[in-house]
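This structure is a prediction, so every number in the text was calculated from the model and none was measured. In what follows, every chain begins at residue 1, and chains take the letters A, B, ... in the order their sequences are listed.
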Amino acid sequence: MIEIVSAGRCIGCDVCVAVCPTNVFDPAPGGGPPVIARQTDCQTCFMCEAYCPVDALFVAPHACPLPTSSPLLDEEYLAASGLLGSYRNEIGWGRGRTPGARTAVGPPLPPAHITTAVGRSADPLIPEGATGA
Amino acid sequence: MTHTPLRHPTRSRQAAAAALSADVVVVGGGPAATWAALSAAESGADVVLADKGYCGTSGPTASGGTGVWYVEPRPAAREAAMASREGLGGYLADRRWMVRVLDQTYENMHRLGTEGRYPFPVVDGAQVRTGVQGPEYMRRMRAWIKRRGVRVLDHSPVLELLVDATGAVGGVAGYRRQQRRPYRVHAGAAVVATGGCAFGSGALGTNVDTGDGALMAAEVGAALSGMEFSNAYGIAPAFTSVTKSAYYNFASFFHPDGTPLEGAGSQRGRSVIARALLRGAVYCQLDQADAATQAAMRRGQPNFFLTFHRLGINPFTDRFPVTLLLEGTVRGTGGIRVVDGDCATGVPGLYAAGDAATRELICGGFTGGGSHNSAWAMSSGTWAGRAAARHALGMRGTAGHPRLRPAGEAGLRPTGPATAGVDDRMVREVLAAYVHPYDRNYLRHGDRLAPALAALDEAWTALRAGLGGGSGDDPDPVPARQAAAMVAHARWMYTSALARSESRGMHKREDHPDTDPGQWHRLVVGGLDEVHVDTDPVRPALATAS
Ligand SMILES: Cc1cc2nc3c(=O)[nH]c(=O)nc-3n(C[C@H](O)[C@H](O)[C@H](O)COP(=O)(O)OP(=O)(O)OC[C@H]3O[C@@H](n4cnc5c(N)ncnc54)[C@H](O)[C@@H]3O)c2cc1C
Ligand code: SF4
Ligand code: SF4
């Protein structure tokens with residue numbers, strides 16, 4: 001869910017107010033950073049982040065509001081770890097970037113793997129041959 | 001041109017609904033709606049597009065991106081593409097429609113890369129057009145329709161259709177959420193492209209998809225088809241929304257104690273996951289992808305990895321809990337029945353496109369996710385927009401505005417006074433109890449479907465009598481209307497599911513595990529207070545030979 005509108009970064013352009021498909025934000029009455037007015041309407045789609053020109057928004061991946069102890073509520077941590085603005089970066093939006101769509105070629109998809117009784121283990125000590133692929 | 005804003009004479013000054021006039025009004029803002037608006041505009045119509053959210057970010061294509069059923073026009077490739085899901089779909093798809101959709105999709109994807117300016121990847125000198133990244137695709141579609149002169153109303157959910165004395169559709173009425181006021185669009189034809197219905201499950205980008213268009217269409221007499229094939233569930237990391245499923249082809253699944261969950265898989269083995277989730281947690285690891293595959297996956301779907309990155313999980317080496325979220329008729333195939341190649345609904349002036357319409361014609365009873373749905377959205381949108389324009393332009397000469405009647409009922413105009421406790425919260429609880437659970441909707445049995453349908457019928461009766469308008473100090477009429485649409489959707493779905501006493505496509509009945517050759521037909525369902533289901537007299541064509 002949307003968790004952060006960074007007052008330090010926001011330039012008050014209200015783009016997020018316009019683009020959020022579920023109308024989560026309200027413009028601030030006197031200008032300035034928009035208000036997360038209806039957080040529970042957020043559908044965790046990350047679109048506002050993609051459109052914010054200054055990476056002032058953070059959407060946590062959780063479909064419920066975070067507990068106050070979560071590090072994902074700490075703007076400094078988010079900035080330092082590169083999480084703030086990471087989606088916009090990945091899809092290559094913003095000046096000087098190449099649209100991610102240009103390179104978005106995924107792998108060929110095999111038929112879905114079926115887990116077998118002796119499934120492949122994450123443990124590298126279990127030999128590959130033990131799978132029933 | 002007919003741009004003059006009018007005021008509806010019968011409304012009081014205070015509640016006056018701003019009214020626009022257009023030739024064609026398109027309801028929705030996803031791929032189907034934008035292609036419909038584009039083709040209507042290119043056919044010479046003056047077009048208004050009204051979206052519940054923001055056209056460009058709203059709906060699962062915008063947030064998720066899609067693989068596209070894009071197949072080179074080589075006979076062998078086309079034949080393989082058409083045959084691929086035919087059996088899985090229980091032979092309810094129609095080859096004539098598959099041919100049309102493959103042709104139209106091929107053309108549209110080319111145009112998207114040229115006129116639409118979509119930056120397709122280039123490999124070995126050729127554009128790769130088998131998929132689109134959602135935010136980029138829908139941003140380009142918005143820009144393209146605006147260049148074509150389409151007027152876009154964002155945050156303006158349509159609540160109901162307007163009909164004239166003959167029952168023909170003459171416009172829509174809705175609510176502008178950011179202005180907090182009603183509005184109308186008078187138009188010679190309407191295209192309903194409101195997406196499917198995911199019942200508020202939280203699956204990626206689907207919370208706007210509450211089946212509103214199906215309810216509106218049914219209120220003016222349209223029927224639905226394929227509603228028993230509406231039980232698609234997407235895999236997501238637990239507690240998240242991201243139901244992007246393709247990469248789970250590389251996954252193994254585990255019990256909480258670390259032992260393999262035998263038989264589980266993203267496609268055939270998904271019901272094994274559902275059964276295990278009814279008992280407890282299920283863990284997953286993408287352990288079937290080698291290093292090169294992993295790198296390609298990261299390039300292919302950045303939003304798939306966004307969630308893991310933020311959760312601090314490496315999905316290739318860590319085991320993480322997963323869930324299944326209902327995607328209903330978004331990745332299921334049911335929707336408004338179309339009566340001809342124009343995607344007409346049978347109601348004069350009303351056309352349907354995208355997930356709002358049935359995709360049985362190309363998917364049969366199997367999911368349209370992964371490729372077919374996106375192809376259907378752009379193809380059906382193109383046809384519906386063009387036909388709507390033709391219809392509307394033929395009416396341009398008719399003098400004056402016909403007297404229009406708003407057709408909305410359930411969730412808008414209750415038959416009695418507002419009833420305490422009958423609200424959209426109540427409806428969400430009913431859906432959580434009877435529609436979302438895997439042992440109701442996914443793992444189907446008549447003994448569990450029948451009581452669920454009874455509970456939904458009861459909810460319908462209650463909301464029909466006592467639900468409508470905003471609540472408290474919030475005048476927004478949309479939540480109540482959405483609640484009614486979801487209950488209507490669920491009743492059509494379970495009525496069809498009970499009528500199909502066999503297993504076919506994604507509809508699997510534990511009490512009827514076999515496919516019954518005697519039920520090789522589509523089911524048409526309709527009605528509001530009384531729901532009725534019949535056999536479709538039109539049989540699927542399994543060959544294109546004339
Ligand atoms: C996670 C996920 C991944 C998917 N991946 C694929 C894939 O790889 N390939 C594939 O083919 N398909 C895929 N699908 C399915 C695909 O996303 C849909 O088939 C497609 O989005 C349908 O387009 P649409 O325009 O009909 O509806 P949507 O994209 O759902 O758009 C509906 C639009 O209607 C608007 N709307 C709704 N109600 C109203 C109203 N009352 N008034 C006005 N506007 C309204 C919404 O705001 C939205 O803009 C996927 C689905 C999901 C959930
Ligand atoms: S889009 Fe970003 S900068 Fe603009 S108002 Fe929203 S948070 Fe502030
Ligand atoms: S994540 Fe999506 S729904 Fe949530 S605030 Fe951002 S744009 Fe709106």
Side-chain angles (χ1 to χ4, degrees), chain A residues 1 17-23 26-27 41-51 58-64 71-72 78 81-83 86-93 98-122 131-133, chain B residues 53-54 56-59 62-63 118-121 123 128 131-133 135-136 154-155 177-178 202 204-208 239-242 246 248-254 260-269 285 287-289 293 296-297 299-303 306-307 309-311 317 319:
Chain A
M1 282 192 156
V17 180
V19 303
C20 168
T22 54
N23 198 29
D26 277 343
D41 284 350
C42 172
Q43 59 172 357
T44 318
C45 67
F46 306 100
M47 297 304 305
C48 50
E49 259 195 60
Y51 276 84
F58 183 73
V59 179
H62 309 73
C64 287
L72 296 182
L78 295 173
S81 60
L83 289 181
S86 70
Y87 188 39
R88 201 163 71 97
N89 184 42
E90 293 278 352
I91 62 173
W93 281 15
T98 305
R102 275 258 179 259
T103 52
V105 184
L109 284 184
H113 173 69
I114 302 274
T115 306
T116 48
V118 196
R120 187 176 300 200
S121 165
T131 63
Chain B
Y54 175 86
T57 65
S58 202
S63 41
Y118 181 89
F120 282 110
V123 174
V128 180
V132 282
Q133 196 180 73
E136 192 71 57
D154 297 308
H155 300 290
R177 279 184 142 166
Q178 295 191 334
L204 186 60
T206 62
N207 281 11
V208 291
F239 318 112
T240 79
S241 65
V242 181
Y248 292 100
N249 283 18
F250 298 100
S252 297
F253 296 90
F254 303 90
L261 178 57
E262 208 182 327
S266 175
Q267 284 160 8
R268 281 177 192 285
Q285 183 183 343
D287 55 5
Q288 304 290 310
T293 306
M297 289 163 80
R299 280 194 306 275
Q301 297 190 5
N303 55 354
L306 185 68
T307 305
H309 186 200
R310 291 181 183 192
L311 291 170
T317 55
R319 292 188 183 168

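Proximity to chain B (any heavy atom under 4.5 Å) is shown, for A:Cys48, by neither the backbone nor the side chain. There is no contact between A:Pro27 and chain B, counting heavy-atom distances below 4.5 Å. Of the atoms belonging to B:Ala246, heavy atoms from both backbone and side chain fall under 4.5 Å from chain A. The part of A:Phe46 that comes within reach of chain B is its side chain, from C-beta onward, which places non-hydrogen atoms under 4.5 angstrom from that chain. Only the side chain of A:Leu72 comes within contact range of chain B, with at least one heavy atom under 4.5 Å from a heavy atom of that chain. Neither the backbone nor the side chain of A:Ala50 comes within contact range of chain B, judged by heavy atoms closer than 4.5 Å.
In this structure B:Tyr248 satisfies the ring-ring contact (aromatic ring centres under 6.0 Å, His included) test together with B:Phe304, sequence neighbours excluded.
In terms of heavy-atom pairs under 4.5 Å with chain A, the best-connected choice from B:Val132, B:Thr206, B:Leu311, B:Val123 is B:Leu311.
With contacts defined as side-chain heavy-atom distances shorter than 4.5 Å, the pair A:Asn23/B:Gln178 qualifies. For the pair B:Leu306/A:Ser86, a side-chain contact is recorded, criterion being any heavy-atom separation below 4.5 Å from C-beta on. For the pair B:His309/A:Leu83, a side-chain contact is recorded, criterion being any heavy-atom separation below 4.5 Å from C-beta on.
Salt-bridge annotation for A:Glu49 and B:Arg310: present, with a side-chain N of the basic residue lying under 4.0 Å from a carboxylate O of the acidic one.
The minimum heavy-atom distance linking A:Pro110 with B:Asn249 is given by the pair O-ND2, 2.8 Å.
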